[in-house]
Structure formats: C-alpha cells, structure tokens
Amino acid sequence: MSTTHGDEEREHAAYDFAYVQEKWLPVWDELTPFKSGRADDPRPKKYVLDMFPYPSGDLHMGHAEAYALGDVISRYWVQKGFNVMHPIGWDAFGLPAENAAIKRNEDPRIWTYENIATQKASMRRYACSFDWDRVFNTCDPEYYRWNQWLFLKLHERGLAYRKDSAVNWCPGCQTVLANEQVVAGLCERCDSAVTKKKLNQWYFKITDYADRLLDDMQQLEGQWPDKVLTMQRNWIGRSTGANVQFVIEGRSEPISIYTTRPDTLYGATFMVVAADSDLASELAAGTTAEKDFKAYVEKIKADSDIDRLATDRPKTGVFLQRYAINPVNGEKLQIWASDYVLADYGTGAIMAVPAHDQRDLDFARAMKLPVRVVVETGEDDPNETGIATVGDGVVINSGLLNGLNRVEAIAKINAQLENDGLGKSARNYRLRDWLVSRQRYWGTPIPIIHCEKCGEVGVPEDQLPLTLPDATGLDLKPKGTSPLGAATEWLNVICPKCGGNAARDTDTMDTFVDSSWYFLRYPSSTNNEEPFSRKDVDTWLPVDQYVGGVTHAILHLLYSRFFTKVLNDMGMLDFNEPFTRLLNQGMVVMDGSAMSKSRGNLVRLSDELANHGVDAIRLSLVFAGPPEDDVDWSDVSPSGSVKFLTRAWRLSGDITSAPGIDFTTGDVTLRKATHKALNDAAFAVESFRFNVAIARVMELVNATRKAIDSGCGPADPATREAVEAIAIMLSLVAPYTSEEMWERLGHKPAVALAGWPTVDPALLVDDSVIAIIQINGKIKERIEVSPSISDVDLEKQAMSHPVIVEALQGASVQKVITRAPKLVNIVINS
RNA sequence: GCGGGAGUGGUGAAAUGGCAGACACGCAGGUCUUAGGAACCUGUGUCUUCGGACGUGAGGGUUCAAGUCCCUUCUCCCGCACCA
C-alpha cells in the first residue's frame, strides 16, 4: 500500500483505510456525536447497553463482534432521531488481576488500569459509539463504595446473612464458589475439581425472590431469547408437592419429607435421609449401624463432585436400624442413609416409592427392598423390568385413592393429610441462596465489623467507602483465608456501636455483586451522594436494549433481576425488570471451535484490523449471519468486505450533482430502489437481522453502480439520493467509510447524525408485479400485473391466459384461489 | 435422563403459509490490460430425452398451497445434572 496520500492517487486506488481512520478519529473526538444527556436535548431517549468487559488484556474477536452489534443498534436509533445513551465501563475486580499480581509481584491495580487503558484506546479506534463521559470501573472506590452501601441495605433488610454450611470449595483458587460458578463439578475459572468445605459465609437471600423472579418473566416473553428464559426457569426450578409427616419409632418428633407425588404414598416402601445431614447422624447415633454409617459418610466425603455426577453411578447407602411409620397405612418402613438424597433440598429426607421413581428403584434393587406398584400405567412391571413407571395412570393398592387419576389423587390425599395435621402442600426450589463471600484480595471489602459484644455491626455509611488496604506487603497467594486478614492495621478497629475492640470482616464480595447494578450507575456515574439518583433512573431506565453473550444467561442476568427487585422494594426504582429487550450474540470461533492459544487457532483482532481495517472487520462480523449464531472466522471474507466498502466508497466520488439538490425530480426507478432499501434495512435492523440489512445496502450499491454506468447517470438527483442513503445506512457498521463518503458528497461530519432519510410510501409501490399462476399448486405461468389489480381481474386474466387455457383443456375446475396481486391457484380434477 | 435450539447449494446464509437459494464467499469463463491477487460482465442446486422433472435430514399429516404449521423419527449443538 502506498505511503503517500495525494488526493489523486487515493481517487484511483482502493481507498486507504489506515489514512481514513487517522483522519476521522480526532474529528469525532471534537464533535462527540454520541454524547447523551445534554440538558436541552429534545430527542426521545433510549438506553442501549453492551455488557461491560473484563480488562484481561486487549480486546479480542469476541469483543469485536459484540461491540459491532451493539453499535449497529445504537447508531441506528441515533439515526432515527433518538437521544441514545450507549455507555461503557469496566468490570474490573476479580481473580485474573489478582493472579497476574501474584505472578508479577505487584499491586493488581497496575495490571488492571493498564489493561483498561489499552482496551479503551482499542475501542476508540474501533469507533464504538460510546458516550465516553460516563465511564467508570468497578474497582474504583467511588464505585465499590456503593456495593458496600447496597450490602448494608440488604443486611438491614435481612437479605444479607451469614450461615455455616458445606460450600463449594475450589482448591485451585482457594476460595468458595457460588453454585452458579460450579460447572459440571469443576471450577468455572480454573477447572479444578470442586470439593465441599464447611464454612461460615455471607449469603444474599435470593430465594426470597424465587417466585417473583419466575413470575415476572412473563414481561420478558418475546423480548428476551426463549433460551435464556428457559434456562432461568430451570435454574430456579420451582416444584410443587407436599410435605408429609412420618412418625419415627423412638423419636419424639416426626420427620417431614418432601414429595411431588403424594398420590404414591401407599407405594412408599422405605425412607431415605441424606447421609451428610445432621438428621442422619442423629438417627444413627447409638444404633448398631452407627459404625457403618460413620464409615459410609467418610467414604462419600472423599468422593468429588465429579464422581457424584457420573450418571451410571451405583446406589450406595446404610440401613440405620431405625423405622418410620407410613401415615396413610401404618406400615413400618426401614430408614436408610444415602448420598443420592440431597441434604439441602426439601427436608433432606424422602419417602422412597421404587415402583414409580427410577432412583428409588435402583436403590431398592441394590438393597433388596420391596417394590409395590400403586399406579396402573399399562407399562410393564418395574419389579421385572427394573424401569420405574412414571407416567399417568389409575391409582391402585391405595385404599381410598383407588380408581383416581394422578390429579384427583393428589388433591384428595393433600386435603386429607392437611385435615389430619399430617402434611400440607409445599413448594421447593432448585435455586439456593447466593453465596457472596470470597477469600481473595481484589474485590469489594465486606463492610461489616465483628464485635464480640455487639455481633455484626455495619460500617457507618459516612465511613464509606471502606477502601482496600494497600496490597504492598500483603501475601496475595491463595491459602484458604482472605489476604485482608494479614493487614493488621486495617483489620483491627473500634466497634462503632460500643467502642470496644473489634475486627473487620476479611472477605471480599463476589464480583457478580459489582455487575448486578452497574447499569443503574451510568446515568449517575459522577454522583458522589448516592449510587444513582431517582431522577436519572426515572429518565433512562429500564435498559431498552441489552446486548451480550449467552454465557451470562443465568448468573449475571438473574442477579441483576434480583437486585432490581430488591431496589424496587426499597422504593428506589419504579420498575421491576432491568432489561426490557435482550440480544445474545454468538461467539467468534475458528475452524469450528472456540479460539485458544493452546489449540493454535487464535485469530488476533489487532492483526485483522491492521490487514483489513476497522470497517471491513465490523462489516464481516455483522454480515456473517444472524447475530445470535456463532461466526466461524474461516467462513468469512474480510477481503470481500474491503471490496464491497471500496465499491460503495467509489460511488461517492462519481456524483456530479450538488448537495441539497431536489431529489423528487430524479430517476424514479433508482429512487424506488433507494426507498425500498431504506425501508427494508430499517425493518431488518429492528428485528435484529443485520446481515439482511447489509444485503439490502449491497443491492442498492449494485443498482446505483448500474445507474451511474449505464442508466440515469452520475448527475441525476436520484443517484445522489441513493449514494447519500448508502452512506447513512453504512454508518451503522462502517463508520469510517461512510464518513469519508459523506465528505466526498459535500457534507460536513458527522454522518452518524445525518438522520435516517424519510421513506416516501409512494416510492415503495412497484409499477408492476409478477403474479404467478398455479394449477394444483404447480407454477404454470407468470404474468405482469398492476400491484393494485383486484382479485376478480387477476383471476380473469389468469383464466384467459393462453398457456392456462391450454393446460385446462378437458379438466374441470374445482376451485380458484386468488391472492391479488401475487398468485392465482387453480384447483382441477386430474 | 430432563429442558431448549438447529438441520436449506461447494461455503456463510435468505425466504408475513404463496416463484426455495436474496445478498455474499468460493469456483469457472469472458472484457479491459505489459501484468492481475485491480475493475467490470456472464455463469454456478440436482437430474434431463432440453419439453421439463426433482429438490429444504427421514417418514407421515393439515392445507388450494408447507423450508415455514402438526405428529413420528434420526443427527448435531447448548443448558441442567440423583432437586424426590
């Protein structure tokens, strides 16, 4: 490529993207076309939000795709005349920074802020339409101060609490993990096998909101991908059933079990309690089974989650030498302890109905326990097949329930249990409370002081932010307890309540706390009085369009929805769902699999940008296919994008008419193509079919090329109209090229603010259309007709067409379906 | 196992129940060129007796009409993981 930039030379060569990029960046810095929230801005508002990045090095291909898509949407609404807020910030706390700090033996702040600077510069070059005045980082004390404030509010409301429990422990990261961060038994971050550890930890009581998190999803139907809604529903996992009391021999209190199938109560042939529950130890205590039980518990503790996940894992357990009495028939049932019952779901105890539950059947067969069929489903006897019959059927062997179907039987037995004080209907959730403590340095300190006399005392609001102690001198290496515990000066404090000696909580918050409300902060990003102002959220929220990866379908979105509902209850917001519309973009992969250094299929964004230019890369990503599908970089053609952009750019140099010329006198055929493209592209963008929108622009470029070379010519007003429309439409995806085109067309920057041209409906009507004539659904002929032709006239023309007359010889017409102006279908006897 | 999604040319993909393959990539041929990895033009689903016929994973159904709706089935991808 030439290094000199004479105008004439550029005119004839493929246009020089590097030169154009350097040319426009300072101009845009000056113009700030995407600044939002100017006091006198009369435009209606829209909030378009991209999920903020984690600053782990420079931007990669995945960022390039996500931000290109968010930009199309944001820039589109700007062109449509909206005051769009499109902010960005950094999700800057977390383990990678801490691990880098350990490796480099320096403060994690250095690595973090360096990477933020790098990414920021890359985003500017990538021409993201961000409002740079609203930037913040979650590791700024001005931000995390409000994490602490919110924590205290949750604490006040009883929604932040501590409890002892067996938590997921990652031996690699040396920290606890939320349920959500354990993927198939492995740590989401480092892939270590997760183990259990009994610890006292902070939780957020998200389970209090389980029903609302489920029910409010109705509002999101059709606005969020179904996939995400389904994943959230499954994750919350509401089940309805009944708690039933079983009297235990030699125990004063009965045991409550949870079942979704109270209709099968007569089929219960034994009881199982979770082996790792307190209940199990209590029942085993003092029995002849105690020794075996203890050995069993030791054995299963040694098993990792991985072992537990094996689907064909044989059932194991210990008979506790204790008996329960079935409340419906007085039968004596053996009580077993097993690890296939979970201690923290329901009551940690179940009635086993082996005939109609596969797990119970597997256990019964392993332990030679009886199996009794109480639902006649028409399937083979589970005693023989080893396959539990779980389908609907008629209840049998069940006293007064006999002859009923499932729904009737459940209603009847529930009513009776309730009446007898032996049970009642109940709900359970798969969702557990959100474990937020982390034993790491690089996060928000939990603003609680532990006083021997006063217990948990919140750090007074006027002392926030409680900043992290200096990292120098602290050993950040994971060792199972928080590094903050070693910062003695920071740690030891006076109790704000009683003035006695006390100590700070040494844990930091899960970084998902940071991202659970950041979208509320952008409109008030410089507010030092409160996390966000009521006026700002009322103006801008909820987010109109959220764009991000499906990797956050459960965690981040669920937590954000939870926070929004809590803040709504606190009266700080008047909406209860934060994200009105959600778009999940796919991943960028290479040769069919995710890019990674070790796989050797890493495509570096910086290389691609250097080779093809920003616009071509953005275009390639957006044009590759539907935004939610993965893009395989080996399938796309950045050089094809360069070719197209050059073609479009060249058009702008061909126009010989002056800017401001009256388009209405222009060539009608080309004008129609222009208006159709504008109309179709807008529709496509609004329905997230960006690849189709680009196809429409390509068609218009082709039509305009033809018009200039062999049609109405470069001086025709319609040609200028077409090229201006192309520049404006291209501004959504190729900001540099379109700005350059706009200038060559005689306009001042920024093309981003030019406005989407108004579509003339009269120009959307074709002079004539092709109607197809079918006989029995097979196309026989095409005729050219007026688009306003009536059904009657179209049918008349079709029936008298020579080809049709010929084809209808000797046949009897049964029916004629006419859909003017597109189709006539003649149904005949054949 | 449960839940969700997807299967269309050589490739990425289009298609309010109404002309399947728009728009591209790739490939082939051509024009212009000292040259072409530039630009422009033409062709490009399969079969064909050149009339047409067939064609959206497979099989059935609804309909005047199905890639699209319904049922069955196969394959692939994603999520969950003993939740009673």
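Just so it is clear: chains get the letters A, B, ... in the order the sequence lines come, proteins before strands, and each one is counted from 1.
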Open item on the list: With nearest nucleotide decided by heavy atoms, which residue, A:D630 or A:A343, maps closer to the 5′ end of RNA chain B?
Closed with: A:D630
Task: Base B:C82 to side chain A:K315, donor-acceptor N/O within 3.5 Å cut-off - done: yes
Task: nucleotides 38-56 of chain B: protein proximity per nucleotide (B base, S sugar-phosphate only, - neither; heavy atom, under 4.0 Å) - done: -SS----------------
TODO: Please confirm whether A:K315 makes a cation-pi placement over A:F363, using NZ or CZ under 6.0 Å from the six-membered ring centre and within 45° of the ring normal.
DONE: no
Task: Between A:D615 and A:T737: side-chain donor-acceptor atoms closer than 3.5 Å - done: yes
- [ ] Examine B:G4: is either OP1 or OP2 under 4.0 Å from a nitrogen or oxygen in the side chain of A:R233? Give yes or no.
- [x] no
TODO: Tell me whether the OP1 or OP2 atom of B:G18 has a side-chain N or O from A:K822 closer than 4.0 Å.
DONE: no
- [ ] Answer yes or no: does a side-chain N or O of A:Y340 lie under 4.0 Å from OP1 or OP2 of B:A84?
- [x] no
- [ ] For B:A24, take OP1 and OP2 only and decide whether either is under 4.0 Å from a side-chain N or O of A:N702.
- [x] yes
Open item on the list: Applying salt bridge (charged side-chain N to carboxylate O under 4.0 Å, His left out) as the test, list every pair that has at least one member in residues 621-634 of chain A; sequence neighbours left out.
Closed with: none
Task: Any A:N691 side-chain N or O less than 4.0 Å from OP1/OP2 of B:A14 - done: yes
- [ ] Report the stems of RNA chain B as range-with-range entries sorted by first number; a stem here is at least three consecutive pairs, Watson-Crick or G-U wobble, both distances under 3.5 Å, and write none if there are none.
- [x] B:1-7 with B:74-80, B:10-12 with B:23-25, B:26-31 with B:39-44, B:45-47 with B:52-54, B:57-61 with B:69-73
Open item on the list: Please check if the number of heavy atoms outside A:K672 that lie under 6.0 Å from its NZ is greater than 12.
Closed with: yes
